[in-house]
2 protein chains.
Amino acid sequence: MVQVIQVPNHVDNFDPILEARRIWRERGWTEADLGMALVTSIARVDQINMKKIESNLRPLKLTFARFELLRLLSFTRKGSLPLSRVGNLLQVHPTSVTNAVDRLEAQHFVERTAHATDRRMTLVNILPAGREIVETATEILNREVFANTGLDASTGEQLLHLLTSLRAASGDFSH
Amino acid sequence: MVQVIQVPNHVDNFDPILEARRIWRERGWTEADLGMALVTSIARVDQINMKKIESNLRPLKLTFARFELLRLLSFTRKGSLPLSRVGNLLQVHPTSVTNAVDRLEAQHFVERTAHATDRRMTLVNILPAGREIVETATEILNREVFANTGLDASTGEQLLHLLTSLRAASGDFSH
DNA sequence: CTAAAACTTTATTACGTCAAAATATAGGAT
DNA sequence: ATCCTATATTTTGACGTAATAAAGTTTTAG
């Protein structure tokens, strides 16, 4: 009996990033070859992570962007925030917030309400159905994605530390 | 004299990722808090990297996706590849390749040509203007982005090693 | 009171994915 | 060899996300 092994198309016989780095070196770009490999590796890992997350969220009719917004709201005392504050905290463009809130409102997971004193602002307020779905989604992501990183705990902590250094170096947060 | 310090809106008084991890722990999600922080950090670093890259590429009227395609073609012997092979090597969806090739063709950086023997395939072939722009773009990215990672070389190598482990654990390449 | 700033929205553009369709090739059975 | 079915490849259309530019409303500061 012959064993048939299914190999996904995207799996190739070598590491494309290592290969690219070899070419960079070959051309004498030795100031940049490591940085190129780092940036490319991070992009690729992110792509893999996001694909896993989105596929787990799809049955709930949520995307990661909308999940993050619901998660953020569920952590606030009042369950509501000004749109501008959402954009700040999630590091996304104001128009993206408007867009996400539009969709979540259509799903009846949130509603827009007026700010008590500043009429320039609009608040987004999480609704019971939103709280319910975000709890379910978090359980699923914790179990199916976040609990299985492929690294042991101490290696993971080491990686987290390096990534935090990188973000600090880019001024991602005050330190 | 009072010194005025301009603080970008997105910079907050703490690290939002660390804060999120604290909340995760508070809720007893101790299997997942590290993974959540890792996935989120990677996403954020990628976002920072891509923003830098795209802003450097914008004056050339290139996006990173199109730059990568040109770069790949410029490294091949004949300067051409089947679309399907491009998708494989760059790990992107076939429709994304079609889309990118459409735009690059409109810019006269590449052209589509027929495969000699297999008429199902379409080749994408880099044109002289494409070779020229990709050389310029590579110089700029090497200098402005890849040469300044914010980490010293040995720390960078360490980070690269961890990222490669992560990709390996996800079956990103055969090893 | 007026000008500047803050906040949100609309319209446009770009990019990526999925689902499905269209075309071409390959392999096995007759 | 021919036919039939499965596979491979590319494209089209629909949708979600995100960014930019511009406009509208409200507040703040001088």
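Please read all numbers here as calculations on a predicted model, not as lab measurements. Labels below follow one simple rule: chain letters A, B, ... track the order of the sequence lines, proteins then strands, and each chain is numbered from 1.
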Judged by nearest nucleotide, the residue sitting upstream toward the 5' end of DNA chain D, B:Gln47 or B:Leu123, is B:Leu123
If the test is side-chain contact (heavy atoms from CB on, under 4.5 Å), which one of A:Leu83, A:Asp102, A:Val124, A:Leu90 qualifies with A:Val97? A:Leu83
Interatomic distance, A:Arg58 CZ vs D:dG16 P [rounded to whole Å]: 11 Å
Tell me the interatomic distance from B:Asn88, atom CG, to D:dA8, atom C1', rounded to whole angstroms. 12 Å
For the side chain of A:His115 and the backbone of A:Asp118, is there at least one donor-acceptor N/O pair under 3.5 Å apart? yes
Under 4.0 Å from OP1 or OP2 of D:dT10: is there any side-chain N or O of B:Ser84 that close? yes
Rounded to whole Å, please give me the gap between CG in A:Leu81 and P in C:dT8. 11 Å
Just by distance, do the side chain of A:Gln107 and the backbone of A:Lys61 share a donor-acceptor pair under 3.5 Å? yes
Roughly, in whole Å, what's the span from CG in B:Leu69 to P in C:dC15? 12 Å
Judged by nearest nucleotide, the residue sitting upstream toward the 5' end of DNA chain C, A:Asp118 or B:Asn99, is A:Asp118
Whole Å only: how far is the CG atom of A:Asp102 from the C1' atom of C:dA11? 13 Å
Provide, to the nearest angstrom, the distance between the CG atom belonging to A:Leu83 and the C1' atom belonging to C:dA6. 13 Å
Go through the side-chain N and O atoms of B:Thr30 and B:Asp33 and say whether any donor and acceptor fall under 3.5 Å apart. no
Does a donor on one side chain and an acceptor on the other come within less than 3.5 Å for A:Arg71 and A:Ser74? no
Remember a base hit wins even if backbone is also touched, and classify A:Thr117 as base, sugar-phosphate or nothing at under 4.0 Å, heavy atoms. sugar-phosphate
Expressed as a whole number of angstroms, how long is the span from A:Arg44:CZ to C:dG16:P? 13 Å
Any side-chain N or O of A:Arg112 less than 4.0 Å from the OP1 or OP2 oxygen of C:dT9? yes
Ignoring the backbone of A:Thr63, work out which of D:dT27, C:dA24, D:dT17 is nearest its side chain. D:dT17
For the pair A:Trp29 and B:Phe75, name the ring-plane relationship: parallel under 30°, tilted 30 to 60°, perpendicular over 60°. tilted
Can you see if the side chain of A:Arg119 gets near the phosphate of D:dT25 - specifically, an N or O under 4.0 Å from OP1 or OP2? no
Closest to side chain of B:Thr98, choosing from C:dC7, C:dT9, D:dT11: D:dT11
Taken to the nearest whole Å, NE2/A:His93 to P/C:dA11 is 17 Å
Could you tell me whether the phosphate oxygens of C:dC15, OP1 or OP2, come under 4.0 Å of any side-chain nitrogen or oxygen in B:Arg103? yes
Under 4.0 Å between a side-chain N or O of A:Thr95 and OP1 or OP2 of C:dT9? no
Have a look at B:Ser96 and say if it touches a base, only the backbone sugar-phosphate, or nothing, with a 4.0 Å heavy-atom cut-off. base
Of the nucleotides C:dT9, D:dT7, D:dA19, which has the atom closest to the B:Arg120 side chain? D:dT7
Quick one: label B:Arg66 by what it contacts on the DNA or RNA (base, sugar-phosphate, nothing), any heavy atom closer than 4.0 Å. sugar-phosphate
